[in-house]
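The structure under discussion appears below in the form of structure tokens.
Worth saying up front: this structure is predicted, and the values here are computed from it rather than measured. Whatever order the structure lists them in is the order used to number ligands and atoms, beginning at 1. Reckoned from all heavy atoms, side chains included, excluding hydrogens, waters and symmetry mates.
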Amino acid sequence: MSDSENRIREDIARLSKSLFDRGFSVGSAGNLSAAVEDGILMTPTNSCLGFLDPARISKISRDGRHLSGDKPSKEIFLHSAFYETRPEVGAVVHLHSTYATALSCLSDVDPEDCIPPLTPYVVMRVGRVKLVDYVRPGDEKGGDLIRALGGKHAAVLLANHGPVVTGKDICSAVYAAEELEETAKLLVALRGLPTRILTAENVAELKAVFGSY
Ligand SMILES: O=C(O)[C@@H](O)C(=O)COP(=O)(O)O
Ligand SMILES: [Zn+2]
């Protein structure tokens, strides 16, 4: 195993524990993956993000075959669809974090833009978030729904389930998932209050200056 793969395994375990310790995931909810030179590392199914053993993290091929480690997350289709459709994706994080999941259950969120641009950082880290129709966790159809987005979104909310956020590497994907959750919390706190969001010009300026990955 290469030094780089070992480092990414350690990063997945360390960042997963950090998410678990701060309540971004509970029990065995959520899953993370990261690309390595010869495949994709993925958290094992039914594992607790707080107690991962780097050596037992699953490894799958780019076409979804289980190569080594424990049995991979049942959300393998969801993760694989992001890697397939967005070449810049180096990692994927799925959580059941409370506020983002709460938004995913509201009947009046805008399915095209379910995390409106309240602050600059969510625009810079996450971009426009699309609501994806509900399917059973682990259903292959989840992958089809992500592929249908044509790689246009770095993050989605799975209806009545939770967020899936990507990044160029595992650290960026985790930071983006945290930013999405904090913005969801603000949106819930501001519900019913007259709220100013960033204008289209503000968003365009952020994209021009900071780009989007
Ligand atoms: O909600 C679910 O069942 C999955 O999306 C999940 O979060 C945990 O599944 P595994 O990664 O297979 O444990
Ligand atoms: Zn889930």
**Item:** Student check: side-chain heavy atoms of E75 and M42 closer than 4.5 Å
**Value:** no
**Message:** Working note: R86 + H153, criterion side chain to side chain contact (heavy atoms under 4.5 Å, CB included); need CA distance, chi angles, decisive distance, verdict.
**Reply:** CA-CA 9 Å; R86 281 177 71 88; H153 296 267; 5.6 Å; no
**Prompt:** When you measure from atom 12 (O) of ligand 1 to every protein heavy atom, which one gives the shortest distance, and what is it?
**Reply:** T45 OG1, 2.6 Å
**Request:** With heavy atoms under 4.0 Å as the rule, classify the contact between S73 and ligand 1 as side chain, backbone, both or neither.
**Result:** both
**Fill in**
If we number the atoms of ligand 1 from 1 as shown, the ones under 4.0 Å from a heavy atom of H161 are 1 (O), 2 (C), 5 (O)
**Item:** Numbered atoms of ligand 1 (with element) below 4.0 Å of G30, judged on heavy atoms
**Value:** 6 (C), 7 (O), 8 (C), 11 (O)
**Request:** With heavy atoms of S28 as the reference, note each atom of ligand 1 found under 4.0 Å away.
**Result:** 8 (C), 13 (O)
**Message:** As an exercise, identify every atom of ligand 1 less than 4.0 angstrom from a heavy atom of H94.
**Reply:** 5 (O), 7 (O)
**Prompt:** Do S47 and L52 come close enough that some side-chain heavy atom pair is under 4.5 Å?
**Reply:** yes
**Request:** Please write down residue, atom name and distance for the protein heavy atom closest to atom 8 (C) of ligand 1.
**Result:** N31 ND2, 3.5 Å
**Asked** What protein heavy atom is closest to atom 4 (C) of ligand 1, reported as residue, atom name and distance in Å?
**Response** E75 OE2, 3.4 Å
**Item:** D11 and V174, any side-chain heavy atoms less than 4.5 Å apart
**Value:** no
**Prompt:** Is there a donor in the side chain of D169 and an acceptor in the side chain of S172, or the other way round, less than 3.5 Å apart?
**Reply:** yes
**Item:** atom 13 (O) of ligand 1: nearest protein contact (heavy atom, Å)
**Value:** N46 N, 2.7 Å
**Request:** Kindly confirm or rule out an N or O of A29 lying under 3.5 angstrom from an N or O of ligand 1.
**Result:** no
**Prompt:** Rounded to 10°, how big is the angle at the Zn ion (ligand 2) from H94 NE2 to H96 NE2?
**Reply:** 100°
**Prompt:** Applying the salt bridge (charged side-chain N to carboxylate O under 4.0 Å, His left out) test to R22, which of E181, E182, E178 qualifies?
**Reply:** E178
**Complete:** heavy-atom search around atom 3 (O) of ligand 1 in the protein gives K74 NZ, 2.7 Å
**Request:** Check whether any side-chain heavy atom of L78 sits under 4.5 Å from a side-chain heavy atom of L158, and report yes or no.
**Result:** yes
**Message:** With heavy-atom distances below 4.5 Å as the criterion, would you say the side chains of V135 and H161 are in contact?
**Reply:** no
